[in-house]
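Structure record follows, encoded as structure tokens.
Worth saying up front: this structure is predicted, and the values here are computed from it rather than measured.
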Amino acid sequence: MDWNKSIANMINHMSLQSWPVVMIESLQALAHFDTWLIATYKQQFKPIVVHTSYQIESQKKIHRFLNKAYLLDPLFNAIENGLNDGLYRLRDLAPDQFNNTEQYKSCYSDFDLSDEIIFVTRLDNGVVFTISLGRTSKLGGISRVELNRLKSVQPILQAMSKQFWIAQSSQYVHDEQSRYSLEHAINTFGSNVLTPREKQITALILQGHSSKSISESLNISVGTIKVHRKSIYMKLDICRESELFSQFINRLHTLLNITLSIILSKITYTCRGIGLPLLAPYYQYN
């Protein structure tokens with residue numbers, strides 16, 4: 001199918017739930033990719049998956065990412081910091097040591113991605129629509145020709161994404177109970193032992209920044225960063241970054257279970273107040 005026919009086909013589906021599928025098929029005529037994830041972001045709410053090549057429930061890594069580890073994701077944090085509409089490569093958004101982090105090993109390495117190209121479109125009400133196209137090691141990095149092709153259609157996809165969202169947004173509502181900010185998670189993580197500066201540095205370490213990158217961000221010396229890092233590890237009784245990541249993910253796990261308990265308590269209280277029976281088992285997040 002030539003590109004003009006592809007555009008016509010996408011226009012025909014633009015207001016339908018089938019548009020993401022048709023859009024992915026059309027883009028495969030412009031560039032090679034073997035994974036994709038179309039998702040929306042809104043503030044610190046959990047991302048909502050619109051369409052993906054991943055089997056979310058059966059693949060624990062992607063399930064873990066979408067429910068907790070997204071707070072440390074380069075794309076999520078770039079969006080939080082005001083990323084504009086456009087086409088980006090994940091490697092250009094990621095901190096300098098991201099590929100060496102436990103976050104990468106836990107949530108990315110199993111996907112065998114050599115490159116990831118992302119369309120970003122800002123919508124109304126703080127929603128950001130993203131189309132991530134992944135290339136595994138079998139395909140390698142994207143060529144300049146393919147990247148330029150994708151760049152040339154970015155304005156078209158941006159306009160179509162907006163029209164699709166106008167028609168279908170009611171099908172993809174962000175759960176307000178799922179709002180977990182990185183700042184809040186860090187502030188409650190080691191809250192009794194870490195200083196404000198140590199919490200700040202901990203957040204940057206978890207996101208994949210090297211000591212050099214942190215020193216440039218905070219305008220303090222690399223030596224000072226290393227002293228802080230040693231103090232953080234000592235106070236948290238850990239020896240390596242993998243342990244820091246595990247403790248942080250466990251903290252997110254606890255925050256989510258606390259939130260679920262509060263929600264269930266409110267439901268139970270409301271139903272009892274109006275005389276309705278309720279069997280409210282305790283749902284623990286996995």
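- A continuous path of ILVMFWY side-chain contacts below 4.5 Å connects I156 to I131, so both sit in one hydrophobic cluster.
- Side chain of Q247 to backbone of E243: no donor-acceptor contact under 3.5 angstrom is found.
- Note: the hydrophobic cluster containing F248 also contains L204 (ILVMFWY, side chain heavy atoms under 4.5 Å, direct or indirect links).
- Taking 4.5 Å as the limit, some side-chain heavy atom of L83 sits within range of a side-chain heavy atom of L75.
- The backbone N or O of I201 lies less than 3.5 Å from no partner atom in the side chain of R229, so there is not a single donor-acceptor pair.
- Here F98 pairs with Y104, Y108 under the ring pair (Phe, Tyr, Trp, His ring centres under 6.0 Å) rule; sequence neighbours left out.
- Contact annotation: the side chain of I118 approaches that of V120 to within less than 4.5 Å [non-hydrogen atoms, C-beta and beyond].
- A side-chain donor-acceptor contact under 3.5 Å links N250 to the backbone of S246.
- Ring geometry for F76 versus Y70: interplanar angle over 60°, hence perpendicular rather than tilted (30 to 60°).
- Without hydrogens or angle criteria, R135 side chain to G140 main chain gives a donor-acceptor distance under 3.5 Å.
- For the residue pair Q43 and E80, the shortest heavy atom distance occurs at O-OE2, 3.1 Å.
- Between atom CG of residue L72 and atom CG of residue L206 there is a gap of 5.5 Å, rounded to the nearest 0.5 Å.
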Side chains of residues 161-172: which donor-acceptor partners sit under 3.5 Å, not counting sequence neighbours?
| unit_1 | atom_1 | unit_2 | atom_2 | d |
| --- | --- | --- | --- | --- |
| S161 | OG | L157 | O | 2.7 |
| Q168 | NE2 | S15 | O | 2.8 |
| S169 | OG | W165 | O | 3.2 |

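- Note that CZ of R91 is 11.0 Å distant from CD of E116, once rounded to the nearest 0.5 Å.
- Annotation: D237, atom CG; neighbour count of heavy atoms from other residues, nucleotides and ligands within 6.0 Å does not exceed 12.
- Between P20 and I38 the shortest heavy-atom distance is CB-CD1, 3.8 Å.
- Looking only at side-chain heavy atoms (C-beta outward), M160 and I11 come within less than 4.5 Å of each other.
- Under the side-chain hydrogen bond (donor to acceptor under 3.5 Å, both in side chains) criterion, D85 pairs with Q158, not counting sequence neighbours.
- A distance-only check finds no donor-acceptor pair linking the side chain of S211 to the backbone of V222 [under 3.5 Å].
- Distance CG/L71 to CG/N77: 8.0 Å, rounded to 0.5 Å.
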Report task. Dump the intermediate steps for salt bridge (Lys or Arg N to Asp or Glu O under 4.0 Å) on E146 and R149, then the final yes or no. Result -> CA-CA 5 Å; E146 289 178 307; R149 285 178 191 157; 5.1 Å; no

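- Summarising the geometry of M10 relative to W19, their closest heavy-atom pair is O-CD1, 3.4 Å, with the distance given to 0.1 Å.
- Checked against side-chain hydrogen bond (donor to acceptor under 3.5 Å, both in side chains), S137 has the following partners two or more places apart in sequence or in another chain: D112.
- At least one side-chain heavy atom of L27 sits less than 4.5 Å from a side-chain heavy atom of F33.
- Side-chain contact between F119 and L133 is present, with heavy atoms from C-beta onward closer than 4.5 Å.
- R89 contributes no side-chain N or O that, together with a main-chain N or O of D115, makes up a donor-acceptor pair within less than 3.5 Å.
- To the nearest 0.5 Å, atoms OG1 (T121) and CG (N84) are separated by 11.5 Å.
- Y233 is connected to V193 through a chain of hydrophobic side-chain contacts under 4.5 Å among Ile, Leu, Val, Met, Phe, Trp and Tyr, so both are in one cluster.
- Applying the side-chain hydrogen bond (donor to acceptor under 3.5 Å, both in side chains) criterion to S210, with sequence neighbours excluded, gives D96.
- When side chains are defined from C-beta on, K42 does not count as touching T40, because their heavy atoms never get closer than 4.5 Å.
- Hydrophobic clustering of Ile, Leu, Val, Met, Phe, Trp and Tyr side chains at less than 4.5 Å, counting indirect connections, keeps L150 apart from L139.
- H228 is not listed as a side-chain neighbour of I214, based on a closest heavy-atom distance of 4.5 Å or more.
- Separation of atoms CD1 (I232) and NZ (K230) is listed at 13.5 Å; rounding is to 0.5 Å.
- In this structure, the side chains of V22 and L16 stay at 4.5 Å or more apart for every pair of heavy atoms.
- How far NZ of K151 is from CZ of R144: 9.0 Å, rounded to the nearest 0.5 Å.
- Side-chain atoms of S231 never come within 3.5 Å of backbone atoms of V227 as a donor-acceptor pair (strictly under, hydrogens ignored).
- Nearest heavy atoms, S114 versus G141: CB-N, 4.3 Å.
- Residues satisfying the side-chain hydrogen bond (donor to acceptor under 3.5 Å, both in side chains) test with E241, not counting sequence neighbours, are none.
- Counting only distance, with no hydrogens or angles, the side chain of T52 and the backbone of W36 share a donor-acceptor pair below 3.5 Å.
- The main-chain N or O of T136 is found under 3.5 Å from a side-chain atom of D34 such that the two form a donor-acceptor pair.
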**Report entry** Evaluation steps, side-chain contact (heavy atoms from CB on, under 4.5 Å), between N9 and K5
**Finding:** CA-CA 6 Å; N9 196 31; K5 290 182 179 179; over 6 Å; no

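- The two residues S215 and K212 make their nearest non-hydrogen contact at OG-O, 2.7 Å.
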Requested in this report: Check the pair F111, Y54 against ring pair (Phe, Tyr, Trp, His ring centres under 6.0 Å), reporting the backbone distance first and the verdict last.
Outcome: CA-CA 10 Å; F111 302 139; Y54 298 110; 5.0 Å; yes

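- For the pair N125 (side chain) and V127 (backbone), a donor-acceptor distance under 3.5 Å is absent.
- For the residue pair Q200 and L218, the shortest heavy atom distance occurs at NE2-CD2, 3.4 Å.
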